[in-house]
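Positions are given from 1, in the same order as the sequence printed here.
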Amino acid sequence: MNQNNYTELRTFGYTLIKNIVGEKHLGEIRNQLENQAREEIAENSVFRNREDQIILRNVFVKSPNLFLPLLDMEPVVSILKSVFDEEYILQSMNASRANPIKKDAIPVKVDLDSILPSKGVHIDSRLAAKGIEHTLSLGIAFCIDDFTIENGATKVWPFSHLVGLKPDEAIKMGLSIPAPVLIEAKGGDLLVFLSHLWHTVGSNNTANPRWGIFTFFSPWWMKPTWDYRDCGEEMFAKLSNHQKQLFGFTSQVPSILSKRTLTKTQIGDLPEKYQDARKID
């Protein structure tokens, strides 16, 4: 990550960091995600299974060696430290597969102008913050496959992160909507975006699925989607110091009747044993 990426994120609400994940790693991830999708569908445990999309939640649980290193990549750590001026945690890490509309579909050239501007436009934050200074959540999409206009790549509305309104609120007020930009990216690229940036995705009009790992981070004082401190002893032993911070081990809420006066712990003071770290007081 360079200064230009942060400037783009601050100005437009998103930035693209290119060529971060290697092809070998991408292939291993893709194979694991396909296998995991088949397993969870058979077990009826998949988080979301629709005709157009499959979502696998917390993908690192079954394959920590494949997915956890993504969290420690230099561009990821660098952009997180640039956006959040204090400690931050992992909110969620889910994989999304945009399914082909038809398995035997022939790639169709899609006219971006034909896509309705308001179709599916949303933000991923609970609140529509204003600007980068009040960001409550940062999204990083690891592009496992190429993101193209034909396979429904993410479409964003530049500068919409400055409005302080959700898309439907802005439309009701009669505010003009800026022209969208479709983010075409290569496998291995990172799409970084503020969670209050307006965005949507299109249909996958190709014969091939498109995988992306959508990871969100938030300030330490917010609740994550899941309590990652319940990761267990085996996974805890695999975590780097940065990952322990992301999982919330250094920013726990004190338990009732606790004598502890601060909610944060220095990583050097975190107990090495999982049970002690999980119940730090």
Side-chain angles (χ1 to χ4, degrees), residues 5 7-18 20 48 50-55 79 92 94-102 105 107-132 135 137-216:
N5 289 120
T7 301
E8 288 178 359
L9 182 65
R10 182 186 186 92
T11 304
F12 303 110
Y14 71 95
T15 188
L16 191 65
I17 307 178
K18 297 183 178 181
I20 300 303
R48 175 178 294 175
R50 302 189 316 205
E51 183 178 4
D52 63 334
Q53 183 189 43
I54 288 176
I55 294 180
I79 199 73
S92 62
N94 301 335
S96 172
R97 186 179 78 180
N99 295 327
I101 293 180
K102 296 180 180 179
V108 176
K109 186 67 178 178
V110 179
D111 180 7
L112 182 60
D113 293 333
S114 69
I115 303 175
L116 294 176
S118 59
K119 182 182 179 182
V121 183
H122 64 282
I123 62 174
D124 289 325
S125 176
R126 292 281 185 176
L127 298 174
K130 205 169 186 178
I132 198 171
T135 299
S137 177
L138 180 75
I140 299 181
F142 296 86
C143 302
I144 306 305
D145 299 301
D146 292 351
F147 280 42
T148 69
I149 188 172
E150 290 84 11
N151 68 15
T154 303
K155 187 171 61 168
V156 303
W157 276 255
F159 308 110
S160 59
H161 67 298
L162 302 173
V163 177
L165 295 169
K166 296 180 179 180
D168 56 342
E169 295 171 338
I171 292 172
K172 288 179 182 178
M173 294 176 62
L175 297 182
S176 60
I177 301 176
V181 172
L182 187 124
I183 308 299
E184 293 195 274
K186 295 291 185 181
D189 293 348
L190 309 185
L191 170 59
V192 184
F193 60 99
L194 302 179
S195 63
H196 51 286
L197 180 77
W198 301 0
H199 63 280
T200 188
V201 295
S203 299
N204 185 352
N205 293 298
T206 72
N208 301 310
R210 172 180 54 76
W211 280 105
I213 300 177
F214 290 82
T215 312
F216 290 89

Give the table of side-chain donor-acceptor pairs shorter than 3.5 Å for residues 162-171, with sequence neighbours excluded, one pair per line with atom names and distance.
{"unit_1": "Glu169", "atom_1": "OE1", "unit_2": "Lys166", "atom_2": "N", "d": "2.9"}

Heavy atoms, side chains only, cut-off 4.5 Å: are Ile183 and Tyr14 in contact? yes
In the structure I gave you, are the side-chain heavy atoms of Val156 and Trp198 within less than 4.5 Å of one another anywhere? no
When you measure from the side chain of Asp146 to the backbone of Gly187, do you find a donor-acceptor pair of N or O atoms at a distance under 3.5 Å? yes
Given Thr154, which of Thr200, Val181, Leu182, Val201 fulfils the side-chain contact (heavy atoms from CB on, under 4.5 Å) condition? Val201
Please report the C-alpha distance between Phe159 and Thr11 in whole Å, then the side-chain angles of each, then the deciding distance to 0.1 Å, and finally whether the side chain to side chain contact (heavy atoms under 4.5 Å, CB included) criterion is met. CA-CA 7 Å; Phe159 308 110; Thr11 304; 4.0 Å; yes
Straight-line distance of Ile213 CD1 to Ile140 CD1, nearest 0.5 Å: 12.0 Å
Would you mind reporting whether Glu184 and Ile149 have side-chain heavy atoms less than 4.5 Å apart? yes
I need the Arg48 CZ to Arg97 CZ distance, nearest 0.5 Å. 14.0 Å
The criterion is ring-ring contact (aromatic ring centres under 6.0 Å, His included); which residues satisfy it with His196, sequence neighbours excluded? none
So His199 and His122, do their side chains get closer than 4.5 Å, heavy atoms only? yes
Side-chain heavy atoms of Leu16 within contact of Val192, under 4.5 Å: no
Any idea how Phe193 and Phe216 line up, ring-wise: parallel (<30°), tilted (30 to 60°), or perpendicular (>60°)? perpendicular
Take Lys186 and Cys143, measure what side chain to side chain contact (heavy atoms under 4.5 Å, CB included) needs, and give me the verdict at the end. CA-CA 7 Å; Lys186 295 291 185 181; Cys143 302; over 6 Å; no
Rounded to the nearest 0.5 Å, how far does CG of Asp189 lie from CD1 of Ile144? 10.5 Å
Nearest atoms (heavy-atom pairs only) where Pro158 meets Ala179: CD-O, 3.6 Å
Which atom pair, heavy atoms only, marks the closest approach of Arg210 to Asn151? NE-O, 3.0 Å
Looking at CG of Leu9 and OG1 of Thr135, how far apart are the two atoms once the value is rounded to the nearest 0.5 Å? 7.5 Å
State, yes or no, whether a side-chain contact exists between Asn204 and Asp52 at a heavy-atom distance under 4.5 Å. no
Could you grab the distance from atom CG of Leu138 to atom OG of Ser195, nearest 0.5 Å is fine? 7.5 Å
Does a side-chain heavy-atom distance below 4.5 Å link Asp145 with Asn208? no
If you round to the nearest 0.5 Å, how far is CD1 of Ile123 from CH2 of Trp157? 13.0 Å
Should Leu190 and Ile79 count as side-chain neighbours, where that means a heavy-atom distance under 4.5 Å? no
